[in-house]
Amino acid sequence: MDLNQSIRLLSSWIGQIGDLGLNLLWRFIHIVVSLWYIVSGIFEAIESYAISLGLNKKYSSIDLEKLRCLAVVVDIEAVQDVAKVVELLQWLTTIGVKQVGLFDSQGLLKKSKDLILETVPGSMLLEEIGKDFSPDGKRIALEFISSSDNKEAVMKAANILLQRYLKSSHPENDKGENFFTESHLNEALGVVGENVHVPDLLLVYGPIRSHLGFPAWRLRYTEIVHMGTLKYMRYGSLLKAIHKFTGVHQNYGT
Amino acid sequence: MPRHVAVIMDGNRRWAKRAGLLTSQGHEAGAKRLIEFSEFCFKLGIHTVSAFAFSTENWGRHKIEVKCLMSLIQHYLKSKIQYFQREETRVSVIGNLTKIPESLLRTVQEIEEATRSYKKKHLILAIDYSGRLDILRACKSIVKKSEKGLIREEDVDEALIERELLTNCTEFPSPDLLIRTSGEQRISNFFLWQLAYTELFFSPVLWPDFDKDKLLEALVSYQRRERRFGCRV
């Protein structure tokens, strides 16, 4: 073996050792971060338990004036446990939330709509409520949403705008300013049956922090909170998330 | 590693106030942080970094602050052209560029032209950007193409709308990870369509303080998740 080959071999070994070292370092960072999440998870669980028992007076009454519409995103694996969804809605009714949009990407909650409406006391479909309806007492208006209300709805609304534009008479150099405004798209979304109520707060129940395809058009200024998995949901955490939202101040970019 | 990391750089003004500095100095610290952030991302093998530099709603801020922001963006882009060429980083600017100052527009065109050929790293700056207007613009573009006979009505689908969004400048238009700093937990009209399955990481740290350690934490957090893109596994 000559000198050049030896140097190449040595460089290759050094490279491999370097890669191994970086790999180990990355795994070590993962362990540290995971430990941090475990410890903070334990503290959150204790705090949530204390809140549930009413030990923290701060959460004993919550002003829900700012929370006109709450949305809940449920992960596809968790959504099969409808009993948990019903329990969550019962908690929300107890807290005093009046309007809830329930979302799962595949529309399984839509299929369980009747069961949920029968099981949650005081619940009714949002679309069956009149415009001047004001829920009183322990009543809650529910909306069932899926991925078809997201991109597919925008696509259908785009088609409606396209048809209207093509059918109208407009000058050749018209840039379409009269046809393509946010309010026109809102209107077209209404035509395809998409409710454009904007949720003030979105709670995500699932293993990942993503809104999983909730209708994008409605999420502009929505507060998004990841609540963990539905299986291990806690009343105290729910109360804390809603209480925290009531203290948020938005400047809307200005 | 994520292929595309997006960031909402929030907290410059609060950072400046806390440090007893002017708002403009806060934004300058924020701009410097963005360069460091993107440099580190590219070193880690991330292909695309997009940053929400100025939203449509930001026009409502005080005129002096807006003017200062526009000058800052122009100064940084102009002074960094050679840097981006040396680093072989493509720079794209997306948004409604009709309202920005003429001088900034020229600088944008200059830097985009100078870096267009680079493929391995891509920095996207969203200036005067609105997620809703992006979707609306895509719909308008489709109508125009249909009028010219380039597409048929029945061809309008989700994929077509996605191709018409402003993020069509990148190979990976949907971010894998979105980071928002300063503790706010909302997406504020940024990439509304594109964020459907994006991991959202909300950090309480103000943007100028969001250093490599915080970025590593966000990336590790991302790697711990199992994204299923809405499907059953």
Side-chain angles (χ1 to χ4, degrees), chain A residues 26 29-30 32-34 36-37 75-77 104-106 147 150-152 154-159 161-163 165-166 175-177 179-182 184-185 188 202 204 206-226 244-245 248 250-254, chain B residues 54-62 130-133 135-140 142-144 146-147 153-154 156-162 178 184-202 216-217 219-233:
Chain A
W26 192 249
I29 294 171
H30 260 267
V32 169
V33 173
S34 295
W36 163 252
Y37 277 117
D75 178 67
I76 192 68
E77 292 296 326
D104 73 280
S105 56
Q106 305 281 307
S147 286
N150 184 21
K151 294 183 177 184
E152 207 178 299
V154 171
M155 182 199 85
K156 287 179 185 167
N159 265 317
L161 291 179
L162 169 60
Q163 283 158 28
Y165 184 75
L166 294 175
K175 289 180 184 172
E177 303 303 334
F179 285 86
F180 300 102
T181 63
E182 283 191 34
H184 285 119
L185 190 47
L202 180 82
V204 179
I208 65 164
R209 283 172 303 200
S210 163
H211 63 71
L212 300 177
F214 187 90
W217 191 255
R218 298 164 65 171
L219 279 179
R220 194 163 47 159
Y221 299 119
T222 305
E223 289 286 309
I224 301 171
V225 180
H226 180 238
K244 191 179 172 194
F245 164 76
V248 164
Q250 281 212 37
N251 60 7
Y252 300 99
T254 57
Chain B
F54 191 90
S55 74
T56 303
E57 288 81 6
N58 288 157
W59 288 114
R61 290 189 178 184
H62 200 278
S130 154
R132 276 196 174 187
L133 291 180
I135 295 170
L136 204 56
R137 205 198 125 273
C139 294
K140 210 194 284 195
I142 287 167
V143 165
K144 291 291 173 189
S146 177
E147 215 181 8
E153 279 182 50
E154 52 268 29
V156 178
D157 59 11
E158 289 175 25
L160 181 61
I161 293 180
E162 263 164 40
L178 170 80
E184 308 298 342
Q185 298 192 185
R186 49 189 179 268
I187 53 182
S188 295
N189 208 8
F190 183 50
F191 284 2
L192 291 179
W193 182 280
Q194 298 88 332
L195 291 179
Y197 301 105
T198 303
E199 172 79 9
L200 307 173
F201 185 84
F202 299 118
L216 283 176
E217 188 194 336
L219 290 171
V220 168
S221 175
Y222 164 81
Q223 287 186 335
R224 291 173 73 244
R225 307 293 182 187
E226 182 197 334
R227 290 154 78 220
R228 295 195 285 261
F229 300 94
C231 302
R232 274 210 192 89
V233 171

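Chain naming here is simple, since letters A, B, ... match the order of the sequence lines and numbering starts at 1 in each. Keep in mind it's a predicted model, so treat the numbers as computed, not measured.
- Contacts between B:Leu195 and chain A at a heavy-atom distance below 4.5 Å involve backbone atoms as well as side-chain atoms.
- With a 4.5 angstrom heavy-atom cutoff, B:Gln194 does not touch chain A via any of its atoms.
- Ranked by heavy-atom pairs under 4.5 Å with chain B, the list A:Asn150, A:Leu219, A:Ile29 is led by A:Leu219.
- Partners of A:Glu223 under the salt bridge (Lys or Arg N to Asp or Glu O under 4.0 Å) rule, at least two apart in sequence or in another chain, are B:Arg186.
- Contacts with chain A were tallied for B:Leu200, B:Ile142, B:Ile135; B:Leu200 has the most, counting heavy-atom pairs under 4.5 Å.
- Only the side chain of B:Ile161 comes within contact range of chain A, with heavy atoms under 4.5 Å apart.
- Only the side chain of A:Ser147 comes within less than 4.5 Å of a heavy atom of chain B; its backbone N, CA, C and O stay farther away.
- Using a 4.5 Å cut-off between heavy atoms, A:Tyr37 contacts chain B through its side chain alone, with no backbone atom that close.
- Looking at heavy atoms from C-beta onward, A:Trp26 lies in side-chain contact with B:Leu216 at the 4.5 angstrom threshold.
- With contacts defined as side-chain heavy-atom distances shorter than 4.5 Å, the pair B:Phe202/A:Ile224 qualifies.
- Within the 4.5 Å cutoff, the side chain of B:Gln185 has heavy atoms near those of the A:Val225 side chain.
- Considering only heavy atoms from C-beta on, A:Val33 stays 4.5 Å or farther from B:Ser221 through its side chain.
- Checked by atom type, the side-chain pair B:Glu217/A:Trp36 shows no donor-acceptor distance below 3.5 Å.
- Most heavy-atom pairs under 4.5 Å with chain B: of the set A:Thr222, A:Val32, A:Val204, this distinction falls to A:Thr222.
- Partners of A:Glu182 according to the salt bridge (Lys or Arg N to Asp or Glu O under 4.0 Å) rule, which considers only residues two or more places apart in sequence or in another chain, are A:Arg220, B:Arg132.
- Residue B:Phe191: no heavy atom, backbone or side chain, is found under 4.5 Å from chain A.
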